[in-house]
Amino acid sequence: MPERRARRDLHPGAWWVWALGLAVAASRTFDVLLLGLVIGVAALMVAARRPVAPWAMSFRLYLWLGAVVVVIRVLFGVLLGGASTGTVVLDLPQVPLPSWADGIRLLGPVTWESLQRSFAVGLQLAALIICVGAANSLANPRRLLKSLPPALYEVGAAVVVALTLFPQLAESIGRVRRARRLRGDTGRNTRALRAVVIPVMEDALERSMRLAASMDARGYGRKGSASRGSRTLSGALLLVGLMGVCVGVYATADLTAPRLLAAPVLVSGFAVAGVGFWLSGRTVGHTRYRPDPWHGWEWFTAGCGVVAAAAFFGSYELDALTLAGLVVAALPALVTPEPTSPYAALHATAAVPAAAGVAA
């Protein structure tokens with residue numbers, strides 16, 4: 001039989017590019033079936049390529065958060081009224097509002113079409129959240145911080161701390177629940193909830209303080225040695241470049257905008273912002289120990305996400321093009337190397353004496 005592919009953790013940037021491509025695909029459609037398939041592809045990828053690590057166990061929280069978002073969006077659709085025409089499924093009395101609130105309707109008849117629209121909008125937002133949750137479960141946040149360019153290092157530290165909030169909460173909840181089970185406490189009432197929430201918050205606060213102390217000891221949040229003029233120039237370039245990117249993205253999405261504001265402004269904005277990042281990075285003392293490699297599988301994973309986003313730009317309904325894009329997005333779950341196991345080194349160490357005994 002052919003030898004199994006060697007285990008290897010992919011570059012975290014590849015997972016984020018893949019997840020953002022899937023999120024772009026979800027943002028292009030309100031088709032409920034397509035959004036469900038997008039969520040299914042994200043769940044498949046997490047189930048197949050999630051490493052065994054505490055920060056990778058938070059995907060279930062993102063699923064619950066997505067479900068809560070859908071429910072809240074449907075409730076808002078009912079409370080604020082829906083379409084004035086359509087099949088009425090719930091005839092609620094409309095609450096009269098003052099004249100200054102013209103255009104706002106509170107309660108009133110709820111139609112089947114308005115419920116479908118509210119559910120589709122909520123499901124789209126839930127799909128975006130789940131895509132971000134998939135990236136957060138697949139990509140090691142510390143490795144991602146190490147791979148950031150020097151100009152984004154201080155900002156990236158804050159972003160990584162924010163992104164690890166859910167993984168830390170999930171780990172703390174699991175640790176507290178295991179401790180309660182070992183003590184024989186299996187209650188599920190209000191008192192049990194209080195016994196879980198307080199230790200979880202205390203543990204999360206303690207971990208945050210330890211992380212902040214370790215980051216301060218390693219020089220995070222330091223000020224660079226650049227002159228005032230250099231900082232002003234790099235800041236102005238970054239601001240102008242990001243404004244150009246925003247204008248270019250808006251013109252690309254709005255087909256009625258002049259085409260001169262689309263691709264030319266977008267490319268120019270990225271170029272100016274890149275120069276600003278380069279100038280800012282020159283003044284930051286930042287070294288990398290053993291940089292993460294970016295090889296063929298990283299290009300393949302990131303390319304699958306880009307292909308999925310491009311497919312949904314070509315079509316936003318359920319057809320052969322969008323289905324092909326989703327199939328391509330699911331390929332990394334089947335063909336990429338499996339993540340490394342934390343017990344692989346232990347097994348390898350135990351296998352050496354055994355092999356030596358067999359040879360003897």
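Just the heavy atoms: all of them, side chains too, but no hydrogens, waters or symmetry mates, feed the values below.
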Starting from W15, can I reach L334 by hopping between I/L/V/M/F/W/Y residues whose side chains sit under 4.5 Å apart? yes
Assigning hydrophobic clusters by single linkage (Ile, Leu, Val, Met, Phe, Trp, Tyr; side-chain heavy-atom cutoff under 4.5 Å), is I72 placed with L63? yes
Could you go through the side chain to side chain contact (heavy atoms under 4.5 Å, CB included) check for L35 and T29 one step at a time? CA-CA 7 Å; L35 292 172; T29 181; 4.0 Å; yes
Would the number of heavy atoms belonging to other residues, nucleotides or ligands and lying under 6.0 Å from CZ of F300 be above 12? yes
Just wondering, do R50 and P339 contact through their side chains at under 4.5 Å, heavy atoms? no
Flag yes if F59 and V68 sit in one hydrophobic cluster, no otherwise; membership is Ile, Leu, Val, Met, Phe, Trp, Tyr, and two members link when side-chain heavy atoms are under 4.5 Å apart. yes
With a sphere of 6.0 Å drawn around CH2 of W112, does it hold more than 12 non-hydrogen atoms of other residues, nucleotides or ligands? no
Do you reckon V38 sits in the same ILVMFWY cluster as F30, going by side-chain contacts under 4.5 Å, direct or chained? no
How close do A48 and A333 get, counting heavy atoms only, and between which atoms? CB-O, 3.6 Å
With a 4.5 Å limit on heavy-atom distance, are the side chains of C131 and L20 in contact? no
Answer yes or no: are there more than 12 heavy-atom neighbours, outside R8 itself, under 6.0 Å from its atom CZ? yes
When you group the ILVMFWY residues by side-chain heavy-atom contacts below 4.5 Å and let the links chain together, are V306 and F313 in the same group? no
When rounded to the nearest 0.5 Å, the distance separating CG of L65 from CD1 of I130 is 8.5 Å
Kindly compute the distance separating CG (L138) from CG (N140), expressed to the nearest 0.5 Å. 11.5 Å
Look up atom CH2 in W18 and atom OG1 in T301, then write down how far apart they are to the nearest 0.5 Å. 9.5 Å
With heavy-atom distances below 4.5 Å as the criterion, would you say the side chains of I39 and L123 are in contact? yes
Taking 4.0 angstrom as the limit, do R28 and E317 come out as a salt bridge? no
Using a 4.5 Å cut-off on heavy atoms from C-beta on, say whether the side chain of W16 contacts that of V132. yes
How long is the span from the CZ atom in R49 to the CG atom in L44, to the nearest 0.5 Å? 9.0 Å
Please examine the side chains of F312 and L34, heavy atoms only from C-beta on, and report whether any two atoms are closer than 4.5 Å. yes
